[in-house]
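The structure under discussion appears below in the form of structure tokens.
Because the structure is a prediction, the values reported are computed rather than measured.
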There are 2 protein chains.
Amino acid sequence: MTDDAELKKAGLKVTLPRLRILELLESSDTTHLSAEDIYKRLINVGEDVGLATVYRVLTQFEQAGICIRHNFEEGHGVYELTPTDHHDHMVCVETGDIIEFKCDEIEDYQIKVAKEKGYEIVDHSMVLYVKPLKK
Amino acid sequence: MTDDAELKKAGLKVTLPRLRILELLESSDTTHLSAEDIYKRLINVGEDVGLATVYRVLTQFEQAGICIRHNFEEGHGVYELTPTDHHDHMVCVETGDIIEFKCDEIEDYQIKVAKEKGYEIVDHSMVLYVKPLKK
DNA sequence: CTAATTGCAAAAGCTTTGCAGCGCA
DNA sequence: TGCGCTGCAAAGCTTTTGCAATTAG
């Protein structure tokens with residue numbers, strides 16, 4: 001789907017700020033951007049955009065399911081395109097490597113545990129902090 | 001260990017605000033409090049404390065390992081005493097309720113998944129975002 | 001005594017909102 | 001043309017910091 005169509009599908013008019021922000025999110029070297037990051041990058045390439053617009057657009061994208069906002073421990077939110085395939089992350093505390101993984105059994109147990117408490121799962125976040133096995 | 005000893009061990013002078021905040025964190029019906037929560041409770045019982053002090057003390061407690069700060073998706077941090085027994089959290093997206101849970105099976109699979117990738121687990125964080133089951 | 005601690009107020013970040021003008025459909 | 005969208009500035013929130021007065025050890 002084109003960016004154009006993606007915006008229309010979300011009920012959003014196709015405007016320059018929205019297209020630029022969507023392109024930034026889609027570019028491979030720019031995952032996990034903050035609103036400020038996006039704002040600065042747009043300013044740097046000469047786009048006349050306001051920080052408030054960036055926040056508004058990101059919020060709209062999030063509500064439309066186009067992107068996801070993460071609240072890590074950095075004091076500000078970061079955004080990434082909604083992954084097509086769900087996965088969780090391992091972070092190596094020694095090398096900083098990030099390993100994506102998926103475990104159906106864990107997902108099943110999460111659903112089971114939630115149900116036991118009287119809830120159903122809307123979303124989840126799981127990060128494993130790991131170090132390499134000794135050889 | 002007494003609260004008094006706990007503070008001294010952390011290299012902190014035993015002051016009224018610190019004792020009161022530590023007591024609040026220890027009371028069973030008050031887990032996962034925000035700085036604002038703690039401040040209001042202290043004011044309500046007549047303690048003459050400043051919000052800035054609450055933030056400072058909580059930060060000191062966290063650095064001393066006395067408590068942990070969680071950044072769920074609420075727009076503010078919440079604190080709990082450092083758990084002696086590991087557990088994870090569910091956050092209800094409708095009510096904001098925080099439910100603690102523990103699932104050995106999930107922990108086992110986490111270890112297994114990490115090992116498959118050539119790692120061992122140092123720590124992890126897992127938060128399930130949930131909503132109540134329809135009755 | 002004296003360095004740590006505190007309350008207050010001001011400031012600092014991040015994010016949202018009010019508003020008048022601009023622009024997509 | 002009309003309503004949505006935008007930039008700007010101001011406001012809102014949570015959290016931090018400067019400072020003079022207070023207090024624990």
Thinking salt bridges, do A:Arg20 and A:Glu47 make one under a 4.0 Å N-O criterion?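 A salt bridge links A:Arg20 with A:Glu47.
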Among [options], which nucleotide has an atom closest to any side-chain atom of [X]?
{"X": "B:Ala52", "options": "C:dT16, D:dT17, C:dA4", "answer": "D:dT17"}
{"X": "A:Tyr55", "options": "C:dT6, C:dA4, C:dT15", "answer": "C:dT15"}
{"X": "A:Pro17", "options": "D:dT6, C:dT5, D:dT16", "answer": "D:dT6"}

Is the shortest heavy-atom distance from the side chain of B:Val130 to the side chain of A:Lys117 under 4.5 Å?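 They are not in side-chain contact.
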Between B:Met126 and B:Phe101, is any pair of side-chain heavy atoms under 4.5 Å apart?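 Yes - at least one pair of side-chain heavy atoms lies under 4.5 Å apart.
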Ignoring hydrogens and angles, are the base of D:dG4 and the side chain of A:Arg56 linked by a donor-acceptor pair under 3.5 Å?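 Side chain to base: no pair present.
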Can you tell me the distance, in whole Å, between the [atom1] atom of [X] and the [atom2] atom of [N]?
{"X": "A:Tyr39", "N": "C:dT15", "atom1": "OH", "atom2": "P", "value": "15 Å"}
{"X": "B:Asp48", "N": "C:dT5", "atom1": "CG", "atom2": "P", "value": "18 Å"}
{"X": "B:Leu12", "N": "C:dA4", "atom1": "CG", "atom2": "P", "value": "12 Å"}
{"X": "B:Arg20", "N": "C:dT5", "atom1": "CZ", "atom2": "P", "value": "18 Å"}
{"X": "A:Leu51", "N": "C:dC14", "atom1": "CG", "atom2": "C1'", "value": "9 Å"}
{"X": "A:Gln63", "N": "C:dT16", "atom1": "CD", "atom2": "C1'", "value": "13 Å"}
{"X": "A:Glu36", "N": "C:dT15", "atom1": "CD", "atom2": "P", "value": "9 Å"}
{"X": "B:Leu19", "N": "D:dG25", "atom1": "CG", "atom2": "C1'", "value": "15 Å"}

Axial bend angle, the helix from C:dC1-D:dG25 to C:dA25-D:dT1: five-pair end segments, nearest 10°: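 The end-segment axes of the helix from C:dC1-D:dG25 to C:dA25-D:dT1 are tilted 30° relative to each other.
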Set out, in order, the CA-CA distance, both residues' side-chain angles and the distance that settles side chain to side chain donor-acceptor pair (under 3.5 Å) for B:Asp37 and B:His32, then state yes or no. CA-CA 9 Å; B:Asp37 289 336; B:His32 303 109; over 6 Å; no
Using modelled atom types and a 3.5 Å cut-off, is there a donor and acceptor pairing between side-chain atoms of B:Arg18 and backbone atoms of B:Val57?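 Flag not set: sc B:Arg18 to bb B:Val57 has no pair under 3.5 Å.
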So which one's nearest nucleotide on DNA chain D is more toward 5', B:Thr15 or B:Val78?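 Per heavy-atom nearest nucleotide, the more 5' residue is B:Val78.
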Of B:Lys8 and B:His76, the one whose closest DNA chain D nucleotide lies more 5':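 Whichever sits nearer the 5' end wins; that is B:His76.
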With a 3.5 Å cut-off and no angle check, do the side chains of B:Thr95 and B:Asp97 form a donor-acceptor pair?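 Yes, side-chain donor-acceptor contact under 3.5 Å.
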Atom pair CD/CG of B:Glu80 and B:Leu33 - distance to nearest 0.5 Å: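 It comes to 10.0 Å.
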B:Arg69 side chain near D:dT15 phosphate (N/O to OP1/OP2, under 4.0 Å):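 For D:dT15, OP1 or OP2 has a side-chain N or O of B:Arg69 closer than 4.0 Å.
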If the cut-off is 4.0 Å, is B:Ser34 near the phosphate of D:dT14, judged by side-chain N/O to OP1 or OP2?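 The answer is no; no side-chain N or O of B:Ser34 sits under 4.0 Å from OP1 or OP2.
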